[in-house]
Novice: 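Mind looking over this structure? Questions follow.
Everything numeric here is computed off the predicted structure, so don't read it as measured data.
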Number of protein chains: 2
Amino acid sequence: MRPTVHDIAAAAGVSLATVDRVLNQRPGVRGVTRDKVEAAIREIGYVRDVAAANLAKGRTYPLVFIVPASDNSFMHGLNAEVRAAVARSPVERTDIRTVEVPAFDPAALVAVLDQLGEERPAGIALVATDSPDVREAVDRLVQSGIPVVTVVSDLTGSLRYHYAGVDNIAAGRTAARLLGRFLGGAKGDIAVLAGSMLVRDHRERLEGFASLIAEEFPDLTVLPVIEGRDDPDMAHMLVADALAKRDAIIGVYSLGAGNRGLIRALKDKAADRRLTVVAHELTAHTRAALLDGTIDAILNQDAGHEVRSAIRVLKAKADGLSVIDAQERIRLDIFLKDNLP
Amino acid sequence: MRPTVHDIAAAAGVSLATVDRVLNQRPGVRGVTRDKVEAAIREIGYVRDVAAANLAKGRTYPLVFIVPASDNSFMHGLNAEVRAAVARSPVERTDIRTVEVPAFDPAALVAVLDQLGEERPAGIALVATDSPDVREAVDRLVQSGIPVVTVVSDLTGSLRYHYAGVDNIAAGRTAARLLGRFLGGAKGDIAVLAGSMLVRDHRERLEGFASLIAEEFPDLTVLPVIEGRDDPDMAHMLVADALAKRDAIIGVYSLGAGNRGLIRALKDKAADRRLTVVAHELTAHTRAALLDGTIDAILNQDAGHEVRSAIRVLKAKADGLSVIDAQERIRLDIFLKDNLP
DNA sequence: CTAAATTTGATGTACGTAAATCAGAAATTC
DNA sequence: GAATTTCTGATTTACGTACATCAAATTTAG
């Protein structure tokens, strides 16, 4: 049987009340006594029974999830996962609330963050828009004692406690190597479709992509990035235009959302020429395109995993527990036609 | 606040004792009363507080993990993950014991399984050796009420409750497509190194691999499989021999363990010619080989995830709870040089 | 209709921890 | 050395559930 508070009390030769004071860092214990108790805790290897503790506290964890109100499949998926987490929340003693903010709007995000500073939830998860204002707002929250984790897009340089998302530079490099290898030493141009260079994850993917192509595939030329604002129609127009203008394009890397338009543009051209295409985010559209050969590989981040991980990390933080690092590492999934889930 | 047993009692107009009898399926409740209580449970949406229930029961879950005593990096890694789980077990109210059995030895495995039937643990996880005897032993256990999950290698056709591992046919197909695309339409032979055709996962990987090559890369010829028994020295000898004999070999697929020997053989040949290589299982050796270019891609299953998943599934089963399916799906990780963890 | 059997209610204890109260002991101050 | 102040102990209640016991009510059998 694992040791309990009673065992500590007996081992340290103090009362249960004193043990409780030490364990919960309540005042009214002399230094020497505190040391004695702490020694006993270490010696008998006591670990607090979190389930019992939470039961006694009657505690729930008010958490807030801030998601951008973007109309693309990826964000819809993320939203669905958050809702699923909300549905599970009573069982997990969490009390999750979601807040929607306009996408790409640092000011709105800051306003929400500052307001949450008043409400003082037990933790906040957000899809960060990368801006100094947001960074400062996050730092204010953290300094006031509210842990913050970023999801999908990180806020480097801030005091955020954790990032539940993929390494986007590595993602870009991986996309580059796949595309380069699949093209098998061919010479030509690569079109890159992004959402916006204002978001950090897109910038990082491009950076990783361009640098690896330059390093290892000198015969490939990365064309200036096309910004489709994650909007299907805009993406369609811009990509169709680029393909019409440049015959040298032999590959496409789509690093953002809004792939519906891209796929349409690619299919229009399918008769003319065969392009090698790597895209991000597995959705119904990209999945179908992968299966019919329009897309050659999809890089993906598992939104469900990201959401669950963010919640686990925040909860563990609130409980003062540690997490299993390997479990919280968000992997970059690579899907070919054959290993789709 | 979420409803409690008291709320059920009030809603159904019965006493707490009756609610308890219904909830825990104890005798002494009339059919009508039982129905009334169950209706109330549904109506107010009661869910048992598992933490409190387990606390009251003082329950722990005696689980058994059966792992093969194989001397290769993958199994060592798996063992390490099981040990890590054992270390966490007091916190998670599990009481995990590991049992080692000789690898590729159905009789030994059956003996262990039958003995566990006597001990009656709350659940069993095993790396299955595929054989009718083992299947029957597993079925006996399941029928006697002990849930069994398979890890890494499945036991199809048995009554096992769950499989925590990758789809090995899909893995083989994915390897084939990667190799085929990386070779960019070249013509030549592909050498395949396996551990043993007696293990199901190796057979399935080969099957997936060979079928996709036949379907989509007719210029590639899959040579008869080399069985290295997951042994580095044996693998080294056999691969070196094959490479010396056949100049037409342009690619290698290593679908088993014991890659140390393969890598050695490849390096010996490195000066002569450039081979495209896809291997399974990320270990210190394969990782180094991927980084230095000896291997082009590694397919991996996350042993830590598999172990944790198996335990979660068994625990949930013991508690009569459901799991989050997506969370228990073991993915096939594809690692290139750039997305190593 | 009574006796026996079955069903239900009331109540208490336990699990391991949190948190509060109050009394008593020790240390500190003057 | 007395009066404070600070620490420590003893005890109780609570969290939500499990489980046991005994009494009371209800149903069923004879």
Novice: List in chain and number order the residues that pass side-chain hydrogen bond (donor to acceptor under 3.5 Å, both in side chains) with B:Tyr61, two or more places apart in sequence or in another chain; answer none if no residue qualifies.
Specialist: B:Asn54, B:Asp319

Novice: For residues A:Val151 and A:Ala310, report the shortest heavy-atom separation together with the two atoms involved.
Specialist: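 For A:Val151 versus A:Ala310, the nearest heavy atoms are CG2-CB, 3.8 Å.
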
Novice: Give a yes or no answer on whether the side chain of A:Asp154 reaches the backbone of A:Tyr163 with a donor-acceptor pair at less than 3.5 Å.
Specialist: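 It does not hold such a pair.
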
Novice: Is the backbone N or O of A:Tyr46 less than 3.5 Å from a side-chain atom of A:Arg2, with the two atoms forming a donor-acceptor pair by type?
Specialist: no

Novice: Report, as a single string ordered 5' to 3', how protein heavy atoms within less than 4.0 Å touch nucleotides 10-19 of chain D: B base, S sugar-phosphate only, - not at all.
Specialist: B----BBBSB

Novice: Mind listing the side-chain donor-acceptor pairs of residues 86-93 of chain B below 3.5 Å, one per line with the distance, residues two or more places apart or on another chain?
Specialist:
from    : atom 1 : to      : atom 2 : distance (Å)
B:Ser89 : OG     : B:Val86 : O      : 2.5
B:Arg93 : NH1    : A:Asp49 : OD2    : 2.9
B:Arg93 : NH2    : A:Asp49 : OD2    : 3.2

Novice: Could you give the start and end, 5' to 3', of the contact zone on DNA chain C for chain B, using atoms under 4.0 Å from its heavy atoms?
Specialist: C:dT7 to C:dG16

Novice: Side chains of residues 38-45 of chain A: which donor-acceptor partners sit under 3.5 Å, not counting sequence neighbours?
Specialist:
none

Novice: Using a cut-off of 4.0 Å on non-hydrogen atoms, how would the nucleic acid contact of A:Gly31 be classed: base, sugar-phosphate, or nothing?
Specialist: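 Counting heavy atoms under 4.0 Å across all strands, no contact is made by A:Gly31.
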
Novice: Do we see a donor-acceptor contact under 3.5 Å between the side chains of A:Arg48 and A:Asn24?
Specialist: yes

Novice: Can you name the nearest heavy-atom pair linking A:Ala303 to A:Leu78, along with the distance?
Specialist: CB-CD1, 3.8 Å

Novice: How large an angle, rounded to 10°, do the end axes of the helix from C:dC1-D:dG30 to C:dC30-D:dG1 enclose when each is built from five base pairs?
Specialist: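 Nearest ten degrees gives 30° for this helix.
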
Novice: State, with a plain yes or no, whether a side-chain heavy atom of A:Leu63 is found less than 4.5 Å away from one of A:Pro121.
Specialist: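 Answer no - side chains too far apart.
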
Novice: Any Lys/Arg nitrogen of B:Arg160 or B:Asp139 sitting under 4.0 Å from an Asp/Glu carboxylate oxygen of the other?
Specialist: no

